[in-house]
Amino acid sequence: MSAAPAPDLLLVDARVRTPEPSGHTAVAVRNGLITALGDATDARAWRGPGTEVVDLGGATLTPGLTDAHSHPVWGLEMSTGTDLSGVRDLDGLRAALRGAERRDGWIIGFGLDHNVFGGRPVHRDLIEDVLGGAPAHLRLYDGHSALAGAAALKAAGIEGPRTFAQLSEIVCDADGRPTGHLVEHAAMDLMTPVLPTQPYTERRDRLVDLLTGMAATGLTSAHVMDLGGPDVPGLLAALEEDGELPLRLRLAPWCMPGATEEELDGLVRLQGRAGRMWAIGGVKFFMDGTVEGGTAWLEHADCHGRGTDAFWPDPAAYSAAVRHLHRAGVGTATHAIGDAAVRHVLDTVEALGTGGPRHRVEHIETVPDDQLGRFAALGVVASMQPPHTAYTRADHTDEWSKRLGEERAARAWRMRDLRDAGAHLALGSDWPIAHHDARQVLATARAPRGAASAGHGLTGLMALEGMTTHAAVAAGEEALAGRIAPGYRADLTAFTVDPVEAPADETENAPIRLTVAGGRITYRN
């Protein structure tokens, strides 16, 4: 009987978590798959003349981390220009805009916190006098709204209110004049034809830099909650002609209100289109918008009387579209922040019956007790983003909490409650809405901030599972990803601390020793 082929890569002197403690210290990898786990004696026997051996010096080796909700391609557009995420008040915003660089004559900004306006309505008059007549377009951090200056509105031909086929609004004053606040995608898309564009080479280089930076935080894969544009498959294919992507990407194209049966069938045909490290899998829906923007679908209106409308003006049409895809074997991921949105998605999945592809709900920022157990009962994955909690405050003085009121704000980001109710809980960052650093996701899952800080944190193992085993379940890949076991993908992350046992703040700042994606080292420290 011939000996098994020698591994391509051999990791030794590791504390292997599968993600549970395993007692193993060595992992063998060949052709992108894990072939064996063992100890130092086994490793010496496995080693061949062509084996690359990496001594991890006692580092903790876990399954490769997955960001279960990210926008690495579309996010490049959303994060162009001046970074406003550090601005804390209106004076700071005005100062930042005075010194902002121009791109083709425009002032472009991103990451602007709703709390900067101090409870005042978002309005171009608050910034117009510091723009020097330049057109300005500022994306708010939630990715669902923007502030445009007078010259920008004129360039786009936005002169008053319009009616859209989906929940979206050009906010206007009592005289019908646009305030510059553009809420939701259809309104923001009116600006796209006039905004400065990124040259292809810049976009390509930024994507490689971003994915390389993500790998340095321990990420081996990402569930991409968009297609990022019709040219993105070609962009990814071109990158793979020159080498390998630093991360494995699973992309879910959007399905928006008004989608025809022909368009739904087109989404079905996209499924499975793939390269070596990327694939199209699933479809992304929106059932609502954001709390701060007044577009989260709530069972009772927010403090401004907003939030009682769904993103799909006819929620039954959403359910029909999900049913169409489900029958074709396509899983869905639905953005649902408000309690009414979450309930409708769960009702939709329940009506599908048992069996078929897996469905998931994204964000789930406030959910009542009677909905918690339904996730596990229906096999629906809860996909949540712990870093979002940083946009709220423990004393509920932030815009998110004030809009919802005390009762609903007390139900903020119920990660632990969902896990305790038996749900699979996949964790992510929602980059560029929050930083992509996987260690921050793990840390804030254990120690949520702001309104979610009381009692909603996960254990260290639960947090790690959220970016490994539970993320694999969310993608329907639990038989080949998310664990360190023979036959599974060789996606691996080595921490200088044990991310389960170390305090959350230590995990957040601990260096990553090694990242391996598809059996290939993508980061080494």
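Residue numbers count from 1 along this sequence.
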- Begin with the C-alpha distance, continue with both residues' side-chain angles, and end with the deciding distance and a verdict on side chain to side chain donor-acceptor pair (under 3.5 Å) for T493 and T515. CA-CA 5 Å; T493 303; T515 308; 5.2 Å; no

- Item | Minimum heavy-atom distance W74-G143, with the two atoms named |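 Answer, listing the atom of W74 first, then G143: CH2-O, 4.4 Å.
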
- Task: Quick one: closest heavy-atom pair of V232 and V73, and the distance?
- Result: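 Minimum heavy-atom separation between V232 and V73: CG2-CG1, 3.5 Å.
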
What orientation do [X] and [Y] show, parallel under 30°, tilted 30 to 60°, or perpendicular over 60°?
X    : Y    : answer
H335 : H144 : tilted
H344 : Y318 : tilted
F311 : H185 : perpendicular

Short question: side chain of [X], backbone of [Y] - any donor-acceptor pair under 3.5 Å?
X    : Y    : answer
T392 : A451 : yes
R124 : P178 : yes
N115 : E399 : yes
T295 : T290 : yes
E128 : A150 : yes
R449 : A447 : no
Q440 : E508 : no
S453 : A394 : no
T220 : L492 : no
R408 : H300 : yes

[X] ring center near [Y] ring center (under 6.0 Å):
X    : Y    : value
Y141 : H114 : yes
F286 : W254 : yes
W297 : W312 : no
H71  : W431 : no

- Query: Are any of the side-chain heavy atoms of I337 and E362 separated by less than 4.5 Å?
  - Reply: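 No, their side chains stay 4.5 Å or more apart.
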
- Do the non-hydrogen side-chain atoms of P196 and I108 ever get within less than 4.5 Å of each other?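 They are in side-chain contact.
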
- Task: State, without any angle test, whether S401 and D398 hold a side-chain donor-acceptor pair at a distance under 3.5 Å.
- Result: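 Distance-only check passes for S401 and D398.
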
- Item | Step-by-step salt bridge (Lys or Arg N to Asp or Glu O under 4.0 Å) determination, R206 to E77 | CA-CA 10 Å; R206 286 186 68 200; E77 174 190 334; over 6 Å; no

- Tell me, with the steps shown, if H435 and S85 meet side chain to side chain contact (heavy atoms under 4.5 Å, CB included). CA-CA 10 Å; H435 198 280; S85 61; over 6 Å; no

- For E240, look at atom CD and say whether over 12 heavy atoms of other residues, nucleotides or ligands are found less than 6.0 Å away.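 Atom CD in E240 is crowded, with more than 12 foreign heavy atoms closer than 6.0 Å.
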
- Applying side chain to side chain donor-acceptor pair (under 3.5 Å), run through T366 and D339 and close with a yes or a no. CA-CA 6 Å; T366 179; D339 45 18; 5.2 Å; no

- Give the C-alpha distance, both sets of side-chain angles, the deciding distance and a yes or no for side chain to side chain donor-acceptor pair (under 3.5 Å) between D430 and H388. CA-CA 8 Å; D430 200 12; H388 286 193; 3.3 Å; yes

- Task: Take H223 and R360 through the side chain to side chain donor-acceptor pair (under 3.5 Å) test and state the conclusion after the steps.
- Result: CA-CA 12 Å; H223 298 169; R360 47 192 281 180; 3.1 Å; yes

- Take V441 and S429 through the test side chain to side chain contact (heavy atoms under 4.5 Å, CB included) and record every step on the way to the result. CA-CA 6 Å; V441 177; S429 69; 3.9 Å; yes

- Message: Name the residue from I127, L147, V116 that meets the side-chain contact (heavy atoms from CB on, under 4.5 Å) definition with V122.
- Response: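 Of the listed residues I127, L147, V116, the side-chain contact (heavy atoms from CB on, under 4.5 Å) partner of V122 is L147.
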
- Residue of the set H69, Q385, M415 for which side-chain contact (heavy atoms from CB on, under 4.5 Å) holds with L427: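 Among H69, Q385, M415, the one that satisfies the side-chain contact (heavy atoms from CB on, under 4.5 Å) with L427 is M415.
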
- Message: Test side chain to side chain contact (heavy atoms under 4.5 Å, CB included) on T212 and D209; report intermediate values, then the result.
- Response: CA-CA 5 Å; T212 301; D209 288 346; 5.5 Å; no

